Number of protein chains: 2
Amino acid sequence: MELQEAKQQFIDTWGALGSEWGINKSVAQVHALLLSASNPMSTDEIMEKLVISRGNANMSIRQLVDYGIVYKKHIAGDRKEYFVAEKDVLKWAMKIAVMRKQKELDPVMDILREISKNTEKDKTPEGKEFHKTVKDIQVLTDQLETIANKLFNTSGGDLLLKLIKLMM
Amino acid sequence: MELQEAKQQFIDTWGALGSEWGINKSVAQVHALLLSASNPMSTDEIMEKLVISRGNANMSIRQLVDYGIVYKKHIAGDRKEYFVAEKDVLKWAMKIAVMRKQKELDPVMDILREISKNTEKDKTPEGKEFHKTVKDIQVLTDQLETIANKLFNTSGGDLLLKLIKLMM
DNA sequence: TTTTATTTTCAGAAATTTTTGAAAATTCAG
DNA sequence: CTGAATTTTCAAAAATTTCTGAAAATAAAA
């Protein structure tokens with residue numbers, strides 16, 4: 001049972017990493033479980049493997065499906081739903097990144113833009129300094145966004161490899 | 001009190017963003033407070049502004065000092081310690097990134113490497129598939145790390161700007 | 001339709017994380 | 001030294017997040 005042990009370690013590690021980065025442990029573990037599975041799994045199998053409740057399993061799976069990194073799979077002659085993880089790392093990593101950016105980063109940037117506008121006319125040294133602080137964050141974020149867009153709009157699976165060469 | 005309002009909004013927004021990304025709310029708020037302050041602040045001033053306890057203030061400040069993004073500042077004739085935030089966005093953003101990578105990502109990558117090694121000899125289809133899944137994560141991570149290193153080893157403050165042009 | 005399997009929901013319970021605040025430790029002026 | 005100011009620690013309380021499990025809803029079969 002060496003392989004099963006390795007899979008379990010992967011699931012545990014992934015769950016812990018998720019927790020540290022604001023992704024629910026169960027969600028991360030279900031993702032890891034499906035990533036390491038060779039076959040589609042039902043909710044019951046997931047519940048059993050991870051020792052979690054039906055409610056938790058259901059919600060975790062749904063979130064992953066919503067993210068677009070886990071797919072529903074119907075199996076002929078079976079009434080239950082089965083689930084498979086997107087196995088292409090670049091695909092699922094990008095989807096997670098894009099989703100978190102939209103949900104968590106973009107709203108913050110909107111607020112910063114607003115703060116920036118509201119403090120633009122302030123002519124006190126204190127006001128000018130604060131305005132610059134906020135503006136600097138915006139500029140850096142915009143630059144990083146531009147780079148990220150370039151990266152991900154490049155074609156092919158080895159886009160990163162190409163970029164690394166480009167930067168040499 | 002328009003400016004103070006804007007600062008408060010910045011502090012609140014920053015605290016919320018931190019929470020979503022695994023950074024303690026108080027820590028993020030103290031960081032935002034010092035970022036938006038024109039002068040060094042004492043623990044008591046921070047406690048008062050954020051309405052948090054001494055223990056919380058102390059621990060949050062210390063963490064930021066440990067990260068290297070807040071500096072202690074001694075004021076002549078005053079026994080209290082004062083604190084100032086690093087104002088260069090690129091500097092503090094990089095320090096946060098490097099610190100979290102070392103503390104949270106690198107240990108995970110070490111485990112993945114170990115899992116990878118332990119499943120290398122497995123010749124079953126299931127074993128080979130799992131090995132590939134883990135390996136793929138490693139490869140993507142290594143590529144991203146290479147790119148990040150290139151980015152941050154480039155000189156100057158407008159390194160990102162240069163890169164953007166380079167990629168055009 | 002009725003029955004049975006399956007999925008979804010969500011209020012309360014449990015677990016985890018964060019915060020408090022007072023005591024202990026440290027620092028420094030006199 | 002001594003004693004006051006300041007900082008640090010950490011057990012317990014509070015707040016927040018996560019999880020459970022049973023009931024409600026839905027979907028498919030009979």
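None of the values given here were measured: they were computed from a predicted structure. Letters A, B, ... mirror the listed sequences (proteins, then strands); counts begin at 1.
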Out of curiosity, Tyr67(A) OH to Trp92(A) CH2, how far, rounded to the nearest 0.5 Å? 13.0 Å

Measure the distance from NZ on Lys80(B) to P on dT7(D) and round it to the nearest whole Å. 7 Å

Whole Å only: how far is the CD1 atom of Ile52(A) from the P atom of dT17(D)? 20 Å

Is Lys73(A) reaching over with its side chain to a backbone N or O of Phe83(A), donor-acceptor style, under 3.5 angstrom? no

Any Lys/Arg nitrogen of Glu129(B) or Lys87(A) sitting under 4.0 Å from an Asp/Glu carboxylate oxygen of the other? yes

Nearest-angstrom distance from the residue atom OH of Tyr82(B) to C1' of dT7(D): 14 Å

Can you tell me the distance, in whole Å, between the CH2 atom of Trp21(B) and the P atom of dT17(C)? 19 Å

Could you please name the option among dT7(D), dC19(D), dT9(D) that lies closest to any side-chain atom of Arg62(B)? dT9(D)

Please give, in whole Å, the distance from dT6(C) P to Met47(A) CE? 13 Å

With a non-hydrogen cut-off below 4.0 angstrom, is Arg54(A) in contact with a base, only sugar-phosphate, or nothing? base

Rounding to a whole Å, what distance do you find between Lys25(B):NZ and dT17(D):C1'? 14 Å

Could you please name the option among dT8(C), dT18(C), dT6(C) that lies closest to any side-chain atom of Asn24(B)? dT18(C)

Separation of dG21(C) C1' from Asn58(B) CG (nearest whole Å): 13 Å

Counting heavy atoms from C-beta on, name the nucleotide in dT6(C), dA5(D), dT7(C) closest to the side chain of Arg79(A). dT6(C)

How are the rings of His31(A) and Trp14(A) set to each other: parallel, tilted or perpendicular (split at 30° and 60°)? tilted

Residue met sooner reading DNA chain C from 5', once Ser26(B) and Gly55(A) are mapped to nucleotides: Gly55(A)

Tell me: CE of Met59(B) to C1' of dT9(D), nearest whole Å? 7 Å

Report which part of the nucleic acid Asn56(B) touches: base, sugar-phosphate, or nothing (heavy-atom distance under 4.0 Å, all strands). base

Given 3.5 Å as the limit, does a donor-acceptor pair link the side chain of Glu104(A) with the main chain of Lys101(A), or not? no

Which of dC19(D), dT19(C), dT7(D) is nearest the side chain of Glu81(B)? It is dT7(D)

